[in-house]
Amino acid sequence: QVQLVESGGGSVQAGGSLRLSCEASGRAYRNYYFGWFRQSPEKEREGVAAIKHGFAITHYADSVKGRFTISQDVAKNTLYLQMNSLKPEDTAMYYCAASTSYNISPLSRDSYNSWGQGTQVTVSS
């Protein structure tokens with residue numbers, strides 16, 4: 001099983017940018033998809049972005065399209081989420097996730113079987 005550790009969260013004003021990182025250790029190569037999810041106290045965990053491991057195939061939630069970019073450095077086993085034009089509604093705990101399944105719904109939390117501990121993102125108006 002893969003271990004996932006997120007970093008890069010913090011506090012930023014609306015319109016600002018942050019880049020989240022997720023370092024994968026263990027059997028990262030056995031995962032077909034990696035994704036970013038977020039959860040705020042009043043909402044369920046939702047898919048933000050996902051990428052097919054080793055391919056330039058990405059998926060985004062409508063709420064972040066054009067603002068967020070998911071990418072990965074396969075050699076470093078690291079996943080990234082570049083977040084631009086941040087809004088107060090982007091405030092949440094952000095989680096990195098990995099899936100060992102091949103045919104999945106990439107933005108569905110039920111598709112993933114490994115999770116990081118999360119990193120907090122706070123956007124003030």
Side-chain angles (χ1 to χ4, degrees):
Q1 192 171 359
V2 66
Q3 290 77 47
L4 303 170
V5 179
E6 304 95 335
S7 62
S11 297
V12 64
Q13 289 189 328
S17 299
L18 284 173
R19 188 176 81 156
L20 305 183
S21 298
C22 172
E23 185 173 350
S25 59
R27 298 180 177 180
Y29 63 92
R30 298 186 66 178
N31 291 274
Y32 289 107
Y33 277 90
F34 287 89
W36 286 100
F37 289 74
R38 66 186 181 188
Q39 187 170 16
S40 54
E42 64 274 14
K43 295 183 179 179
E44 293 187 354
R45 191 170 299 189
E46 62 174 352
V48 174
I51 188 167
K52 188 173 183 180
H53 184 47
F55 295 85
I57 298 174
T58 58
H59 307 267
Y60 294 95
D62 289 342
S63 59
V64 306
K65 280 181 181 177
R67 300 189 298 122
F68 291 11
T69 302
I70 188 171
S71 63
Q72 64 177 161
D73 186 328
V74 176
K76 294 182 178 180
N77 283 333
T78 302
L79 181 73
Y80 302 100
L81 184 68
Q82 177 66 45
M83 305 186 294
N84 299 327
S85 301
L86 283 161
K87 305 175 181 180
E89 51 264 43
D90 294 319
T91 295
M93 185 72 79
Y94 282 71
Y95 298 90
C96 174
S99 174
T100 54
S101 298
Y102 186 74
N103 290 313
I104 65 168
S105 297
L107 296 179
S108 171
R109 60 179 295 183
D110 293 336
S111 297
Y112 293 81
N113 49 3
S114 296
W115 294 86
Q117 293 300 306
T119 184
Q120 178 68 38
V121 171
T122 303
V123 184
S124 59
S125 57

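Heavy-atom basis, side chains included; hydrogens, waters and symmetry copies ignored.
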Note to self: Using the rule that Ile, Leu, Val, Met, Phe, Trp and Tyr join whenever any side-chain heavy atoms are under 4.5 Å apart, tell me whether Leu79 and Val2 fall into a single cluster.
What the structure shows: yes
Notebook entry, point to check: Are any of the side-chain heavy atoms of Asn103 and Tyr32 separated by less than 4.5 Å?
Noted result: no
Next item on the list: Flag the pair Asp90 and Lys87 as a salt bridge only when some basic side-chain nitrogen lies within less than 4.0 angstrom of an acidic carboxylate oxygen.
Entry: no
Checklist line | Heavy-atom check, side chain of Met83 versus side chain of Leu20, under 4.5 Å | finding: yes
Notebook entry, point to check: Leu4 and Ala24: which non-hydrogen atoms are nearest, and at how many Å?
Noted result: CD2-CB, 3.8 Å
Notebook entry, point to check: Are a donor atom and an acceptor atom from the side chains of Asn84 and Ser17 found within less than 3.5 Å of each other?
Noted result: yes
Note to self: Donor-acceptor check, side chain of Ser111 to backbone of Ser105, threshold 3.5 angstrom: yes or no?
What the structure shows: yes
Note to self: Taking the side chain as everything from C-beta on, heavy atoms only, tell me whether Val121 gets closer than 4.5 Å to Thr91.
What the structure shows: no
Checklist line | Main-chain N/O of Gln82 paired to Arg19 side chain as donor or acceptor, under 3.5 Å | finding: no
Note to self: A side-chain contact here means heavy atoms from C-beta on lying under 4.5 Å apart; do Tyr95 and Gln117 qualify?
What the structure shows: no
Notebook entry, point to check: Under 4.5 Å between any side-chain heavy atoms of Cys96 and Trp36, yes or no?
Noted result: yes
Next item on the list: Determine yes or no for a side-chain-to-main-chain donor-acceptor pair under 3.5 angstrom, with Tyr60 supplying the side chain and Ile70 the backbone.
Entry: yes
Notebook entry, point to check: Which word best sums up how the rings of Tyr94 and Phe68 line up, parallel for under 30°, tilted for 30 to 60°, or perpendicular for over 60°?
Noted result: tilted
Check: At their closest point, which heavy atom of Pro106 faces which heavy atom of Ala50, and how far apart are they?
Finding: O-CB, 3.5 Å
Note to self: Can you tell me how the ring of Phe37 sits relative to the ring of Tyr112, calling it parallel under 30°, perpendicular over 60° and tilted otherwise?
What the structure shows: perpendicular
Check: Is any side-chain heavy atom of Trp115 closer than 4.5 Å to a side-chain heavy atom of Arg45?
Finding: yes
Item checked: Arg38 side chain near Ser63 side chain, heavy-atom distance below 4.5 Å -> yes
Margin query: Taking Gly118's backbone N and O only, do any of them form a donor-acceptor pair with Glu6's side chain (distance below 3.5 Å, no angle check)?
Written below: yes
Notebook entry, point to check: Hey, quick one: are Val64 and Tyr80 part of the same hydrophobic cluster, counting side-chain heavy atoms closer than 4.5 Å, chains of contacts allowed?
Noted result: no
Item checked: Backbone of Ser11 reached by a side-chain donor or acceptor of Thr122 within 3.5 Å -> no
Checklist line | Any side-chain heavy-atom pair of Thr100 and Asn113 under 4.5 Å | finding: yes
Next item on the list: Show your reasoning for whether side chain to side chain contact (heavy atoms under 4.5 Å, CB included) applies to Thr78 and Cys22.
Entry: CA-CA 5 Å; Thr78 302; Cys22 172; 5.8 Å; no
Next item on the list: Step through it carefully: locate the ring centre of Tyr33, locate the ring centre of His53, and say whether they are under 6.0 Å apart.
Entry: no
Notebook entry, point to check: If you look at every heavy atom in Ser125 and Ala14, which pair is closest and at what distance?
Noted result: CA-CB, 4.3 Å
Notebook entry, point to check: Are Val12 and Val48 co-members of a hydrophobic cluster defined by side-chain heavy atoms under 4.5 Å apart?
Noted result: yes
Next item on the list: Looking only at non-hydrogen atoms, find the nearest pair between Ala49 and Leu81 and report the distance.
Entry: CB-CD1, 4.1 Å
